[in-house]
Amino acid sequence: MAAEIKKLGASFYSRPNVLAIAKDLLGKLLVTRLDHHYTSGRIVETEAYAGITDRASHAYGGRRTDRTEVMYGRGGLAYVYFVYGIHHLFNVVTNGKDIPHAILIRALEPVDGIAYMVKRTGKKKDDIALTSGPGNLSKALGLYKEHSGLSLFGKEVYIADDGYRVRSNLIGSTARIGVDYAGDDAKLLYRFVIKGNKYVSGGKKNQVHP
DNA sequence: CTGACGATTCACT
DNA sequence: GTGAATCGTCAGC
């Protein structure tokens, strides 16, 4: 653990610009204290989902279901959902109540509790796939849909600033991954990466913009 | 109640 | 590059 770690608060998550928040999350630490283990990783890849006008978002058109209800809550909640019958994907809810913005965390660089992450994922060793890709990192940190709706202001799951800063010229934007169904909105440059970081997940075809 | 499919990953060709 | 895995969620009947 770094010496000085500050948990991100409501003023960070409640901002209206989901793209700015997605960019600001790069370099922050995602921390979980679950099943008696402290695990954390530095965020190196995010994707923004901009609410009811974004065709790629689960909340497009104002759709409200049992699953997506948490997206309509205040900023600073975890939104975790299950896809493909296999994977749980971890997102952060932003903006205010009834404005369903969210940011998918797509890749981390492991920091603390790496041995336990390896155990959780059932992998044989610490390789890149441990926390590269949204399904992989959620499993490595022990995040499942039962955590959906959990506040990020508590002690179990939170995001923190340890003073690490990403040089702005190392931040790139690209189109989002796996959202072909979204028509023109699939082209939006709503994915943010730390350029050159080896934990950034696939999507190599997606051109990185400076 | 039913059928179709997904903000993915991995093994295999 | 292609396809299987695998089941909760959701729209439609």
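Here is how names work: the chains are called A, B, and so on, in the same order as the sequence lines, proteins then strands, and each is numbered from 1. Quick caveat: nothing in here was measured; it's all calculated off a predicted structure.
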Legend entry - side-chain hydrogen bond (donor to acceptor under 3.5 Å, both in side chains) contacts in which one or both residues fall within residues 39-50 of chain A, not counting sequence neighbours: A:T32-A:T39, A:T39-A:R120, A:S40-A:D112, A:R42-A:D162, A:E45-A:R106, A:E45-A:R191, A:E45-A:S201, A:E47-A:Y49

Legend entry - Nearest-nucleotide 5' precedence on DNA chain B, A:G178 against A:K123: A:G178

By salt bridge (charged side-chain N to carboxylate O under 4.0 Å, His left out), which residues pair with [X], not counting sequence neighbours?
X: A:D24; result: A:R15
X: A:K187; result: A:D184
X: A:R167; result: none

Are there any protein N/O atoms within less than 3.5 Å of an N/O atom in nucleotides 3-8 of chain C, and if so, which ones and at what distance?
{"residue": "C:dT6", "atom": "O2", "partner": "A:Y84", "partner atom": "O", "Å": "2.4"}

Inset, instruction - Give the stems involving DNA chain C, where a stem is 3 or more consecutive Watson-Crick or G-U wobble pairs (i with j, i+1 with j-1, and so on) under 3.5 Å. - result: B:1-6 with C:7-12, B:8-12 with C:1-5

Inset, instruction - For DNA chain C, find the residues of residues 89-107 of chain A with a heavy-atom distance under 4.0 Å and give them by number; none if there aren't any. - result: none

Inset, instruction - Scan residues 133-148 of chain A for pairs that pass salt bridge (Lys or Arg N to Asp or Glu O under 4.0 Å), counting only residues two or more places apart or in two chains. - result: none

Legend entry - Qualifying salt bridge (Lys or Arg N to Asp or Glu O under 4.0 Å) pairs, either residue in residues 55-83 of chain A, two or more places apart: A:R64-A:E69, A:R64-A:D98

Legend entry - Residues within residues 54-71 of chain A bordering DNA chain B, heavy-atom distance below 4.0 Å: A:A56, A:H58, A:M71

Legend entry - Outermost nucleotides of DNA chain B that come under 4.0 Å of a non-hydrogen atom of chain A: B:dG6 to B:dC10

Legend entry - Summary of ring pair (Phe, Tyr, Trp, His ring centres under 6.0 Å) pairs that have at least one residue in residues 113-133 of chain A, sequence neighbours excluded: A:H37-A:Y116

